[in-house]
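Below is one structure, written out as structure tokens; the observations come after it.
Numbers for residues simply follow the sequence, beginning at 1. FYI, side chains are in, hydrogens and waters are out, and symmetry mates aren't considered; it's all heavy atoms of this structure.
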Amino acid sequence: MSFSLRQIRYFVATAELGQISQAAVALSISQSAVTTAIRDLERHVGLDLFNRTPLGMDLTAAGREFLFHAYEILRKVQEASNLNLPSNAVEGKLTVAATYTVMGYFLPHHIQRLKRSYPGLDIHLFELNREAIEEGLTDRRYDIALALTSNITNPSIATETMMSSPRRLWLSSRHRFLSRADVGLKEVEEEAYIMLTVDEAAQTAMKYWSQSLYRPRVTLRTSSVEAVRSMVAGGEGVAILSDMVYRPWSLEGERLETMVLSDPMPPMNVGLAWHRDATFSDPMRALRTYFQQAFNRPITPAR
């Protein structure tokens, strides 16, 4: 018996949300349907994909490997599907700004698909920080942006979140926390902490740390995700970062693992941003509709 796309989708939802109950709500199905699908999928592959804990569903090493294959399967299915997008005869120039994290870990795949779907669309990309993006949208230097929408502060900028990437604890594959069922900020406070600073990651981190009784013991601040990955994999500390930038191996070939923390972590939201008074051109409308369909969001008419 082969596994189904339904099982893959249920598995991905559970892996991203960390709990069967939350996955069931997101998928608008029963918890028993998710539980059965995951159990059947594990039986088919012959491996445990999750550790069942009092806090929810935590991916095993096999589960993390399977997750990357699952993402690839869903991407290929999506590419093979005939999306109901605006006519590919759309032509014109589109200036798109993006933050570092979005540019490096989210956008390239979608830009490639957009260019294949709309060969007449002339997309100009600009990598900027959040403040420069807000200023550029206000001054109309850029038509639209892809950014961390949870960071946008300018009230004149409208946003639309397309995906929410959960934040988890990153740690070495040899870390003692992996043998524990319950790890929270109290335990993380005792560890050397590698603080990512790019795209206001440090400010975001301190927001959720400040809501607790604990504070991170920061031993390194860096704008490089790869530096965080290498330091954590090498056992030099831990970090809390989103799944979107997670990769299981450092550049040195050492493995990282992740854990769901017992303390609630806000997700990293990624989506579109534009000036509230902007009139959507056909290229802007095509880009927005593409992302709405790609992430199963309601198609919202643009001005």
Side-chain angles (χ1 to χ4, degrees), residues 16 94-108 110-111 123-168 185 193-212 214-216 218 221-225 228 239-246 261 263-281 283-285 287-292 294-295 297-298 300-303:
E16 291 181 341
L94 184 65
T95 56
V96 180
T99 57
Y100 168 87
T101 303
V102 173
M103 187 73 79
Y105 295 92
F106 175 81
L107 192 53
H110 295 292
I111 289 296
I123 301 175
H124 293 242
L125 292 174
F126 300 87
E127 183 182 306
L128 303 161
N129 61 32
R130 189 260 308 167
E131 294 94 336
I133 286 178
E134 291 183 359
E135 181 182 344
L137 291 174
T138 301
D139 294 343
R140 312 303 171 92
R141 293 196 302 274
Y142 312 111
D143 296 317
I144 200 163
L146 284 132
L148 307 183
T149 53
S150 42
N151 290 355
I152 299 293
T153 60
N154 190 325
S156 68
I157 305 301
T159 64
E160 184 174 12
T161 296
M162 295 299 168
M163 66 166 284
S164 294
S165 179
R167 286 186 169 93
R168 308 181 202 258
L185 294 179
Y193 193 90
I194 313 301
M195 180 71 79
L196 184 67
T197 60
V198 72
D199 275 355
E200 303 174 290
Q203 294 93 315
T204 300
M206 292 314 301
K207 286 180 182 177
Y208 54 75
W209 275 99
S210 66
Q211 295 173 4
S212 73
Y214 315 106
R215 295 295 180 270
V218 179
R221 295 176 182 271
T222 176
S223 62
S224 169
V225 177
V228 175
I240 299 173
L241 290 173
S242 81
D243 284 356
M244 192 178 82
V245 299
Y246 173 75
L261 290 166
D263 296 283
M265 290 288 109
M268 185 176 74
N269 295 327
V270 180
L272 300 176
W274 63 91
H275 194 278
R276 289 190 183 279
D277 295 334
T279 299
F280 271 67
S281 63
M284 290 173 66
R285 187 176 297 109
L287 180 139
R288 187 186 186 193
T289 303
Y290 163 82
F291 279 107
Q292 288 172 333
F295 290 96
R297 302 290 182 180
T300 306
R303 292 183 294 275

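Remark: the backbone N or O of A98 is not paired with any side-chain donor or acceptor of Y142 at under 3.5 angstrom. Between the side chain of N154 and the main chain of S156, a donor-acceptor pair closer than 3.5 Å is present. Without hydrogens or angle criteria, S223 side chain to T197 main chain gives no donor-acceptor distance under 3.5 Å. Counting only distance, with no hydrogens or angles, the side chain of T99 and the backbone of D199 share no donor-acceptor pair below 3.5 Å. Put simply, the side chain of N269 never gets that close to the backbone of T161: no donor and acceptor are under 3.5 Å apart. Side-chain atoms of S165 come within 3.5 Å of backbone atoms of D243 as a donor-acceptor pair (strictly under, hydrogens ignored).
Here H110 contributes atom NE2 and Y290 contributes atom OH; the two are 5.0 Å apart, rounded to the nearest 0.5 Å. One distance of note links CG of L148 with OG1 of T101; it measures 5.5 Å at 0.5 Å rounding. Separation of atoms CG (L137) and CD1 (I152) is listed at 7.5 Å; rounding is to 0.5 Å. Residue I111 holds its CD1 atom at 4.5 Å from CG of L125, rounded to the nearest 0.5 Å. T279 contributes atom OG1, which lies 11.5 Å from atom CG of D143 (distance to the nearest 0.5 angstrom).
The shortest distance between side-chain heavy atoms of M268 and T204 does not fall below 4.5 Å. You'll find the side chain of Q292 reaches within 4.5 Å of the side chain of R288, heavy atoms only. For the pair P108/M103, no side-chain contact is recorded, criterion being any heavy-atom separation below 4.5 Å from C-beta on. Contact annotation: the side chain of I240 approaches that of L185 to within less than 4.5 Å [non-hydrogen atoms, C-beta and beyond]. Annotation: side chain of M163 is in contact with side chain of F106 (closest heavy-atom distance under 4.5 Å). Under the 4.5 Å side-chain criterion, counting only non-hydrogen atoms from C-beta, V245 is not in contact with V228.
When all heavy atoms of L272 and T149 are compared, the pair lying nearest together is O-CG2, 3.8 Å. Scanning both residues, R141 and T95, for their nearest heavy atoms gives O-OG1, 3.6 Å. The minimum heavy-atom distance linking H275 with T138 is given by the pair CD2-CA, 3.5 Å. The minimum heavy-atom distance linking A273 with I144 is given by the pair O-CG1, 3.3 Å. Closest heavy-atom contact between I133 and A97: CG1-CB, 3.9 Å. A205 and M195 get closest at one heavy-atom pair: CB-SD, 3.9 Å.
By the salt bridge (Lys or Arg N to Asp or Glu O under 4.0 Å) test, R130 is found to be paired with E134, E200, residues two or more places apart in sequence or in another chain being considered. Partners of P266 by side chain to side chain contact (heavy atoms under 4.5 Å, CB included), not counting sequence neighbours, listed by chain and number: R167, Y208.
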(message) Would Y105 and V225 count as a side chain to side chain contact (heavy atoms under 4.5 Å, CB included) here? Give the steps.
(response) CA-CA 10 Å; Y105 295 92; V225 177; 3.3 Å; yes
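At least one cation-pi condition fails for R168 and Y246: the charged atom is not both under 6.0 angstrom from the six-membered ring centre and inside a 45 degree cone around its axis.
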